[in-house]
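For reference, the structure discussed in these notes is given below.
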Amino acid sequence: MHQGTDAITEHLLADLNEPQRQAVCHVEGPLLILAGPGSGKTRVVTRRAAYLAATVARPYQILAITFTNKAAREMRDRIDALGVGEGMTVATFHAFCARLLRIHADRAGISRNFTIFDTDDRRKLIKKAIEACNLSTTNWSPAAVESVISTAKNDMLTAEDYASDNLDWQQQSYARIFLCYEELLKKMNGVDFDDLLCRVARLIQADAELCGILEQQYKYMLIDEYQDTNAAQYAIARQLTKTHQNICATGDPDQSIYGWRGADISNILNFERDFKDATIVRLEQNYRSTQKILSAADVLIASNSQRKEKTLWTENDEGPAVVVMEHESGDDEARSIVRDIGSRIREGTQAREIGILYRINALSRSLEEAFLREGIPYSIARGVEFYNRREIKDVLAYARILVNPTDEIALFRIINTPTRGIGATTISRLVEQAKGHQISPLEAIYHEGVLAELGRSASKVRAFGALLQTLQPALKLPASQAMEYMMSHTGIRAMYRKEDIADETPLANLDELINAAATFEREHEGTTLVDWLEHAALISDVDIVTNENGAVTLMTLHAAKGLEFDNVYIVGLEDGLLPFRRHEEAGVDEEEERRLCFVGMTRARKRLTLSRARYRMRRGMTERTVKSPFLDELPRVEIEWTNCEGDARSRRSADLGRLPDDIEQWEIGSIVRHPVLGLGSIAMIHQHPRQTRVDVKFRDGSERSWVLEFADLERVDYDEIGDAF
DNA sequence: AATATTCCCGTTTTT
DNA sequence: CGGGAATATT
């Protein structure tokens with residue numbers, strides 16, 4: 001046993017530098033690992049978890065917390081690969097809290113089958129709450145209410161706490177809405193994202209016994225991205241480690257980019273004050289980027305005042321200069337960058353080693369068009385979009401109502417989906433009746449007295465009630481089969497089959513949902529429908545960044561945290577966009593915006609390109625822009641500025657997405673012209689449901705493929721070019 | 001009751 | 001420019 005342990009620890013300490021080794025070997029007491037970008041943080045954290053498991057602790061005594069599911073999965077995989085991770089708890093804060101609330105539902109005063117309401121559901125519920133307070137949603141914007149409530153919860157204030165503060169008249173209304181919202185949540189057995197954290201934080205503060213049990217179990221706690229913790233997460237960390245003090249926090253104040261979500265950078269800045277006798281390890285050697293990239297990023301971040309001094313250095317090559325490109329318009333920017341990418345790919349760069357980052361999702365559109373036009377594969381990290389799609393939410397709503405019959409958001413989503421003749425009037429009458437009889441809307445559906453009041457619609461409602469009954473067996477099925485059962489028994493699949501014959505995406509998405517559920521089952525043995533719904537509610541964008549298909553990756557700067565690419569392009573370096581400002585008068589947390597830019601720049605291994613446009617279309621209008629102040633903060637030497645002229649495009653953007661007028665004459669063998677590549681002939685045409693793909697063979701023997709609707713191709717008649725071809 | 005149309009709104013980042 | 005909600009139409 002001892003000999004084995006030595007072998008394992010030796011293996012765990014192999015190829016680490018001195019501070020890394022120090023961090024891995026630290027066992028007892030608080031430890032803060034300040035890890036600069038690319039400093040091998042993940043490696044250190046996983047090795048440390050494994051080291052603990054191999055020396056002083058059993059794996060189940062270790063709790064490792066991350067912020068994204070993707071990070072959790074990666075950490076778990078890497079620990080598993082080290083061969084000692086079996087039984088360790090590796091989860092996101094949210095997933096960990098959700099699980100705790102279910103296990104200790106009775107102590108938390110909540111029903112075990114609670115639903116997690118996503119942002120969409122929450123928005124709907126807030127609207128309901130506003131209306132219930134006899135206020136109008138035009139005067140009281142749900143978005144504003146949402147942020148008031150979310151901010152309060154992140155600071156661990158209950159609705160009652162908020163209401164008991166000294167409030168002006170506007171805040172008093174917010175307080176009423178807040179109280180009402182909480183009541184609705186309670187009635188529906190629902191919790192929102194923020195509740196997961198603050199309910200657990202309050203629970204373990206109030207319930208010393210439970211807290212003791214947890215402290216007993218989790219002897220060692222690791223928290224990644226500590227700079228992004230909010231008050232509730234901080235409280236949880238404090239409570240769970242207050243006795244043994246074995247907290248290991250890793251993070252980097254310079255990468256704190258979630259202040260708008262309640263993250264409090266002072267949590268990491270004050271770590272030494274909060275945890276007595278804390279050891280601090282600085283990981284400053286960068287293994288990722290070239291010297292030029294690192295020094296540009298380092299100079300930029302030096303303008304911030306809220307930091308912990310770090311000296312980033314690297315032994316890597318100097319590398320090519322960081323490039324700043326200035327373009328005429330946003331479209332020019334997109335096309336020029338994509339063309340640049342095209343030539344790099346032709347020179348042998350892997351598409352998957354290229355990332356384009358932007359401050360707001362809206363900037364992806366012109367890039368997307370440019371990619372389609374050039375025929376270069378790309379993928380956009382917008383994972384939640386899948387779980388936010390109508391067809392997906394429909395199916396999940398059916399499952400939700402089975403698990404939690406009080407979930408009215410789900411009920412009203414599907415009561416007339418697919419349409420079954422239960423319209424707005426019937427629904428409001430049903431709600432009235434339910435109130436009158438003091439029963440829930442779902443109970444009302446089965447209540448003869450209520451049905452009698454519904455007149456002709458009664459039979460429809462009765463049929464709906466019967467349908468829900470036939471779904472009951474799905475509760476006992478594995479998640480993927482339950483999903484399949486829902487789709488076929490509710491008529492959802494049939495509905496999407498005939499809705500738009502040409503568009504098969506909804507059906508494909510439904511199949512994909514079954515696949516996702518099957519994958520979930522495989523990865524989590526012995527799970528139920530409740531677990532699957534929880535998983536579906538807590539999944540996010542960054543979790544689904546897949547890069548196996550060898551495509552260029554497009555994503556927001558926020559989503560890019562923790563990733564790296566050989567080539568990085570950051571677009572839209574304009575004042576108001578990066579740093580982002582909502583309106584002229586609204587303030588900016590310029591330091592956080594600068595950190596965001598820093599995060600983006602340090603994603604690059606070999607080549608970094610920053611770009612801006614002089615004119616950019618925003619809210620449908622083209623506006624003159626001002627260069628981002630960040631560009632002027634970069635070191636003057638070693639940056640290469642290029643001025644890119646605008647170019648006339650051969651196809652107007654109004655034509656994009658449409659087939660050319662002479663489409664009947666496009667056939668195999670037709671000659672076509674591409675503005676850059678010249679003449680070629682069509683080798684193959686593939687008809688897909690919504691797009692036509694053409695393969696073109698050029699004279700030099702190379703072959704490229706485009707989506708015709710977006711490609712910059714024109715057909716040329718034989719006699720026009722004579723013998724040239 | 002369901003669908004088609006218009007119009008008006010706002011417009012970050014995400015668990 | 002695009003989505004959602006209110007309004008008009010079948």
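Just so it is clear, the model here is predicted, and its values are computed rather than measured. Here is how names work: the chains are called A, B, and so on, in the same order as the sequence lines, proteins then strands, and each is numbered from 1.
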Roughly how many Å is it from CZ in A:R616 to P in C:dC1, rounded to a whole number?
-> 15 Å
Spacing between A:I539 atom CD1 and B:dT14 atom P, to the nearest angstrom | 15 Å
Rounded to whole Å, the CZ-C1' distance (A:R122 to B:dT15) equals 10 Å
Taking only the side-chain nitrogens and oxygens of A:T426, find out if one of them lies under 4.0 Å from OP1 or OP2 of B:dA1.
-> yes
Counting just side-chain N and O atoms, does A:K127 come under 4.0 Å of either OP1 or OP2 of C:dG4?
-> no
Indicate the ring-plane relationship of A:H94 and A:F193, choosing parallel, tilted or perpendicular according to the 30° and 60° boundaries.
-> perpendicular
Could you tell me whether the phosphate oxygens of B:dT14, OP1 or OP2, come under 4.0 Å of any side-chain nitrogen or oxygen in A:T556?
-> yes
Of A:K153, A:R199, A:K186, which is the lone residue that meets salt bridge (charged side-chain N to carboxylate O under 4.0 Å, His left out) with A:D192?
-> A:K153
Between B:dT12 and A:N361, is there an OP1 or OP2 to side-chain N/O distance shorter than 4.0 Å?
-> no
Rounded distance in Å between the C1' positions of B:dT12 and C:dA5 = 23 Å
When the C1' atoms of B:dT13 and C:dG4 are considered, how many whole Å apart are they?
-> 22 Å
The ring pair (Phe, Tyr, Trp, His ring centres under 6.0 Å) partners of A:H535 (sequence neighbours excluded) come to A:F520, A:W532
Taking A:E591 as the fixed residue, which of A:N304, A:L596, A:D254 is the one that meets the side chain to side chain contact (heavy atoms under 4.5 Å, CB included) rule?
-> A:N304
A:W260-B:dT13 aromatic stacking (under 5.5 Å, under 30°) = yes
Rounded to whole angstrom units, what separation is found between the CG atom of A:D121 and the C1' atom of B:dT15?
-> 14 Å
B:dT15 phosphate, OP1 or OP2: any side-chain N/O from A:N154 under 4.0 angstrom?
-> no
Any side-chain N or O of A:T68 under 4.0 Å from OP1/OP2 of B:dT15?
-> no
Scan A:R365 against the nucleic acid and name what it touches under 4.0 Å (heavy atoms): base, sugar-phosphate only, or nothing.
-> sugar-phosphate
Whole angstrom value for the distance that separates C1' of B:dT13 from CD1 of A:I570 = 15 Å
